[in-house]
Novice: 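Got a structure for you, written out below as structure tokens; questions coming shortly.
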Amino acid sequence: MTPAATGVVRRARFLQALGIGPVWVPRQSVVSDEVPLPATVAIAVPAVPPVAAPVVSKQDKAASAWDDAPAVRAPAAAAPVLASPVDEGAAAIARMSWQELELAVASCTRCALCKNRKQAVLGAGDQKPGWLFVGEGPGHVEDQQGEPFVGPAGKLLDNMLLALDLPRGENNYLANAVKCRPVGADGKDRPPSADESAACRPYLERQIALLQPAVIVALGKVAALSLLGGDPKIAVAALREHTHRYGSIPVVVTYHPAYLLRKPLDKAKSWRDLCLAAQAYASDGTLAV
Ligand code: URA
């Protein structure tokens, strides 16, 4: 089998694992004898708007409830501006090298999340990635292991990546809006508050500046708000299907994998979002998936 055909087959397997199909198959692709693919060209990938869609303004966003986590207050500044002009820590972070960033995050006390962490989780992956995926924050497993997305949601994210032919860490980097695990009074994982996100935002900004990804995928509302600002009452559903911008970098918003574990029927929508992100990635002049 040619490498291209192997890629098609592999993607089909992971899409099947995600419960998504039928799969779009290029007319010239080789039909595998291992995984049955549709005989005709079946389009699961919807027509998507042009990648150069404008930044979605607050006014464009419907005022409905978030659908994947409780509301949080958005940071005041829009990307990619520093959190506050008087935040000297943020100004210093904006000049850091990777090594300095790693050390600063490991010993950070910019918010109270530092009190309960076992360790901060900066992120992981290719430091020259085409793709950056941003989640909300480490959970219990991530806090223990020091790696992002290694719990149940991470397993689903791995399948989403593989459906894009992106093995974890290859041409992709995984980060979070906050680097320390937010713990509720009940001892369980919880979403970070707006203040926690804002305190950690300079680190995310510096990561993006160092990584220079071709496209960013915001996984859920916490990531979307951290990257784009905006009205915290808006639903992720209203942010999907647009290509937003972080500076000049296209940003596509989709559901958080933890939400998809609870609402598997929305996986198909998430796959459409990833296809939109793939378009943005391809039109950046780098390789298409
Ligand atoms: N959820 C996230 O948003 N990030 C992680 O790293 C793990 C779970």
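Atoms within each ligand, like the ligands themselves, are counted from 1 in listed order. Values below: every heavy atom of this structure, side chains too, minus hydrogens, waters and symmetry copies. Sequence positions, counted from 1, serve as the residue numbers for this chain.
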Novice: Hey, which residues fall under 4.0 Å of ligand 1 on heavy atoms?
Specialist: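 The answer is Gly135, Glu136, Gly137, Glu142, Pro148, Phe149, Asn176, His256, counting any residue whose heavy atom sits under 4.0 Å from ligand 1.
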Novice: Enumerate the residue pairs fulfilling salt bridge (Lys or Arg N to Asp or Glu O under 4.0 Å) with a member in residues 172-186, sequence neighbours excluded, ordered by first and then second residue.
Specialist: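 Salt bridge (Lys or Arg N to Asp or Glu O under 4.0 Å) check on residues 172-186 returns Arg181-Asp189.
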Novice: In terms of hydrophobic clustering (I, L, V, M, F, W, Y; side-chain heavy atoms under 4.5 Å; direct or indirect links), are Val121 and Leu157 co-clustered?
Specialist: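 Looking at the clustering, Leu157 is in a separate group from Val121.
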Novice: Which residues pass the salt bridge (charged side-chain N to carboxylate O under 4.0 Å, His left out) test with Arg206, not counting sequence neighbours?
Specialist: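 Scan of Arg206 (salt bridge (charged side-chain N to carboxylate O under 4.0 Å, His left out), adjacent residues dropped) gives none.
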Novice: Could you work out, with salt bridge (charged side-chain N to carboxylate O under 4.0 Å, His left out) as the rule, every residue matching Glu147, not counting sequence neighbours?
Specialist: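 With neighbours one apart ignored, the set is empty.
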Novice: Under 3.5 Å, is there a donor on one side chain and an acceptor on the other for Tyr203 and Asn176?
Specialist: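 Per modelled atom types, Tyr203 and Asn176 side chains form no pair under 3.5 Å.
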Novice: Any sub-3.5 Å donor-acceptor pair from Glu102's side-chain atoms to Leu122's backbone N or O?
Specialist: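 Looks like no, no N/O pair under 3.5 Å.
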